[in-house]
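Have a look at the structure below, then the notes.
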2 protein chains.
Amino acid sequence: MTMLPNQKVYHGVLEEIRIFIESNNLNPGDKLPSERELSETLGTGRSSVREALRALELLGIIETRHGEGTFLSTYRPFQTVEILASFILSEKTTKESLISTKKLIEKEAAKLAYNKLEDRDIAVLNEIICDLDTSSSQKDMDFFNYLLMKTENVLLMKIWQLIAEFSQTFEKPRYDAHVYQDLIHLYLKKEYSAIEELFVNQASSK
Amino acid sequence: MTMLPNQKVYHGVLEEIRIFIESNNLNPGDKLPSERELSETLGTGRSSVREALRALELLGIIETRHGEGTFLSTYRPFQTVEILASFILSEKTTKESLISTKKLIEKEAAKLAYNKLEDRDIAVLNEIICDLDTSSSQKDMDFFNYLLMKTENVLLMKIWQLIAEFSQTFEKPRYDAHVYQDLIHLYLKKEYSAIEELFVNQASSK
DNA sequence: TTTTTCCAAGTGGTCTGACCACCTATAATC
DNA sequence: GATTATAGGTGGTCAGACCACTTGGAAAAA
């Protein structure tokens with residue numbers, strides 16, 4: 001294993017694994033050599049190999065199954081975001097930050113989704129809102145989750161989900177019931193420019 | 001250490017460290033307990049502690065100095081980026097998510113800051129842009145960092161900082177030079193409603 | 001006294017070997 | 001042929017041993 005001076009072993013292992021994946025043209029789901037095999041091949045201790053593997057696992061690049069082995073994971077970008085979020089979304093983050101960031105994302109998601117919503121999608125949104133069996137907070141969750149999904153921005157969705165989940169613990173400041181309906185009407189009437197206004201008015205009326 | 005069944009030890013350690021940081025109100029630069037101390041306190045092996053620490057290091061949450069100790073670092077996911085980049089960041093959708101989320105936050109920050117900018121702040125922004133000694137990418141970073149700071153939304157700022165650093169490694173899609181000046185003019189002329197337009201046009205002209 | 005030198009203790013870095021828990025293919029049994 | 005038992009491979013974890021590096025304070029030198 002080629003190693004720069006002062007470089008930690010697990011960094012080298014990281015690089016070797018990358019090369020292995022590349023040169024063997026591995027795809028998601030494929031199996032990596034066992035920890036023991038890797039450590040023997042690379043001439044390093046198993047603990048160093050494990051440090052590298054654990055890091056890759058946390059990054060969502062690999063997946064380990066006890067008793068089976070280590071596998072290249074099906075592409076899950078932004079797994080990292082979760083870990084980072086758990087450190088950022090600590091107590092130091094103010095409620096105001098959380099709420100306003102969440103609303104900001106919801107507003108923008110409503111705008112981003114505008115061009116990607118088909119009649120069918122709007123119908124789904126309507127169903128979510130009209131369903132009598134779900135609580136209003138659940139409706140809200142479902143509604144924006146669907147919108148976020150339609151934005152096709154995975155990162156934005158992830159961030160919203162994390163904030164939504166975290167803020168659920170202390171409060172659920174929702175929009176007035178009519179806002180969802182209003183938004184749907186704007187979609188139907190193709191009035192993009194009014195979306196921003198809808199959300200801004202809602203926020204200030206609180 | 002409270003542990004869910006089937007949960008790996010290093011996940012528990014991760015959580016414990018997070019709690020430690022939070023409850024001791026640690027700030028970037030502060031020292032964490034030594035590996036040996038952690039393993040003793042948590043009743044786990046040192047190797048498990050190391051697996052957690054290595055992962056956190058790769059995420060840029062902590063920093064280790066040989067012979068000195070482990071320190072809380074300002075979130076600088078440089079390492080992460082390199083690893084992610086070399087493994088998966090080739091995926092187009094990932095990049096697009098990053099870029100569009102970043103731009104979205106910048107646009108909204110420009111709007112949120114509007115009411116909080118005093119003449120002095122606008123002067124500072126102007127200086128940042130006009131400074132001949134800094135590169136254009138550095139200007140961009142400083143400019144929006146200042147704006148984000150003025151929004152007084154710490155969470156949004158942190159999210160932006162993370163994304164900004166992530167994006168820095170693979171590409172630097174900047175705004176045209178005049179956009180910064182234009183924004184400053186809008187601030188001076190108190191034309192809030194034109195801010196959105198400025199960013200949207202910029203984005204589509206790309 | 002002040003300065004310099006040096007070393008012991010603490011810390012991360014790594015390796016080894018030992019178990020345990022889990023999965024699976026295969027052989028033995030029914 | 002279907003079922004069961006088992007052995008071997010794999011990840012999960014721990015304990016202990018060294019090494020390399022840093023630092024602060026003791027000891028030596030000025």
Side-chain angles (χ1 to χ4, degrees), chain A residues 1-17 20-21 24 26 28-74 79 83, chain B residues 1-17 20-21 24 26 28-73 76 79 83:
Chain A
M1 185 170 68
T2 61
M3 272 202 35
L4 284 64
N6 286 333
Q7 192 193 29
K8 293 175 190 171
V9 173
Y10 90 97
H11 270 118
V13 176
L14 235 36
E15 178 64 9
E16 290 297 327
I17 293 176
F20 180 88
I21 292 173
N24 290 68
L26 293 195
D30 290 346
K31 194 170 178 302
L32 263 60
S34 75
E35 298 179 351
R36 289 173 178 81
E37 193 179 334
L38 275 174
S39 71
E40 199 175 332
T41 306
L42 303 179
T44 66
R46 196 180 148 209
S47 51
S48 291
V49 171
R50 277 186 65 81
E51 288 182 10
L53 289 178
R54 254 7 82 217
L56 287 179
E57 186 180 49
L58 211 60
L59 290 179
I61 292 171
I62 62 169
E63 218 172 277
T64 52
R65 305 197 204 109
H66 195 173
E68 287 186 69
T70 306
F71 303 83
L72 205 52
S73 82
T74 33
Q79 147 108 20
I83 314 293
Chain B
M1 186 168 65
T2 62
M3 272 203 33
L4 285 63
N6 287 332
Q7 191 192 31
K8 293 176 191 171
V9 173
Y10 90 97
H11 269 119
V13 176
L14 232 39
E15 179 64 9
E16 290 297 328
I17 292 175
F20 181 88
I21 292 172
N24 290 68
L26 293 196
D30 290 347
K31 195 169 178 303
L32 263 61
S34 74
E35 297 179 352
R36 288 171 178 83
E37 193 179 334
L38 276 174
S39 71
E40 198 174 334
T41 306
L42 304 178
T44 65
R46 197 181 148 209
S47 51
S48 291
V49 171
R50 277 188 63 81
E51 288 182 10
L53 289 178
R54 254 7 80 220
L56 287 180
E57 186 181 48
L58 213 59
L59 286 177
I61 291 172
I62 62 169
E63 214 173 283
T64 53
R65 305 195 204 117
H66 194 174
E68 286 186 71
T70 307
F71 302 83
L72 198 56
S73 74
R76 298 202 179 280
Q79 314 253 39
I83 308 294

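Rounding to the nearest 0.5 angstrom, the gap separating the CG atom in A/Leu56 from the CG atom in A/Leu14 is 4.5 Å.
Residue B/Ser48 places at least one side-chain N or O under 4.0 Å from the OP1 or OP2 atom of D/dC14. B/Arg54 has no side-chain polar atom (N or O) that falls below the 4.0 Å cut-off from OP1 or OP2 of C/dG12. The phosphate of C/dG13 (OP1 or OP2) has a side-chain N or O of B/Thr64 nearer than 4.0 angstrom.
Using a 4.0 Å heavy-atom distance criterion, A/Thr70 is classed as a sugar-phosphate-only contact. Using a 4.0 Å heavy-atom criterion, one finds that A/Gly67 contacts the bases of the nucleic acid, with or without backbone contacts as well. The residue B/Thr44 sits close only to the backbone: its heavy atoms come under 4.0 Å of sugar-phosphate atoms, none of a base.
Relative to the side chain of A/Glu68, the nucleotides C/dC23, D/dG11, D/dT13 differ in distance, and C/dC23 lies closest. Counting only heavy atoms from C-beta on, B/Lys31 has its side chain closest to C/dT11 among D/dT13, C/dT11, C/dT14. Of the candidate nucleotides D/dC14, D/dG12, C/dG12, C/dG12 has the atom nearest to the side chain of B/Ser34.
Where B/Pro33 and A/Gly43 meet DNA chain C, the nucleotide closest to each residue was compared, and B/Pro33 sits on the side nearer the 5' end. Judged by closest nucleotide on DNA chain D, A/Arg65 is the one of A/Arg65 and A/Ser47 placed further toward the 5' end.
Taking the 5.5 Å centre cut-off and the 30° plane limit, the aromatic side chain of B/His66 is classed as stacked on D/dA20.
At a cut-off of 3.5 angstrom, the base of D/dG11 holds at least one donor-acceptor pair with the side chain of A/Arg36. One cannot find a donor-acceptor pair under 3.5 Å joining the base of C/dG17 and the side-chain atoms of A/Arg46.
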Query raised in the report: side chain to side chain contact (heavy atoms under 4.5 Å, CB included) between B/Arg50 and A/Glu51: does it pass, once the steps are laid out?
Result: CA-CA 7 Å; B/Arg50 277 188 63 81; A/Glu51 288 182 10; 2.7 Å; yes
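Look at CG on A/Leu42: it is 19 Å from P on C/dG13, rounded to the nearest Å. As a whole-Å value, the separation of A/Glu35 CD from C/dT16 P is 15 Å. Between the P atom of D/dT13 and the NZ atom of B/Lys8 lies a distance of 7 Å, rounded to the nearest Å. One atom, CG of A/Leu38, and another, C1' of D/dG9, lie 14 Å apart when rounded to the nearest Å. Here C/dT16 presents its C1' atom at 15 Å from CZ of B/Arg50, a figure rounded to the nearest Å. In this structure, A/Leu14 places its CG atom 12 Å from P of C/dT14, rounding to the nearest Å. Residue B/Glu40 contributes atom CD, which lies 14 Å from atom C1' of C/dT11 at whole-angstrom precision. Rounded to whole angstrom, the span from the CZ atom of B/Phe71 across to the C1' atom of D/dT23 amounts to 11 Å.
Considering B/Ile17, B/Thr64, B/Leu58 in turn, B/Ile17 is the only one that fulfils the side chain to side chain contact (heavy atoms under 4.5 Å, CB included) rule with B/Leu53. Remark: of the listed residues A/Glu37, A/Arg36, A/Glu40, A/Arg36 is the sole one forming a side chain to side chain contact (heavy atoms under 4.5 Å, CB included) with A/Arg46.
Residues A/Tyr10 and B/Glu57 form a side-chain contact, since some pair of their non-hydrogen atoms from C-beta on lies under 4.5 Å apart. Side-chain contact between A/Leu59 and B/Leu59 is present, with heavy atoms from C-beta onward closer than 4.5 Å.
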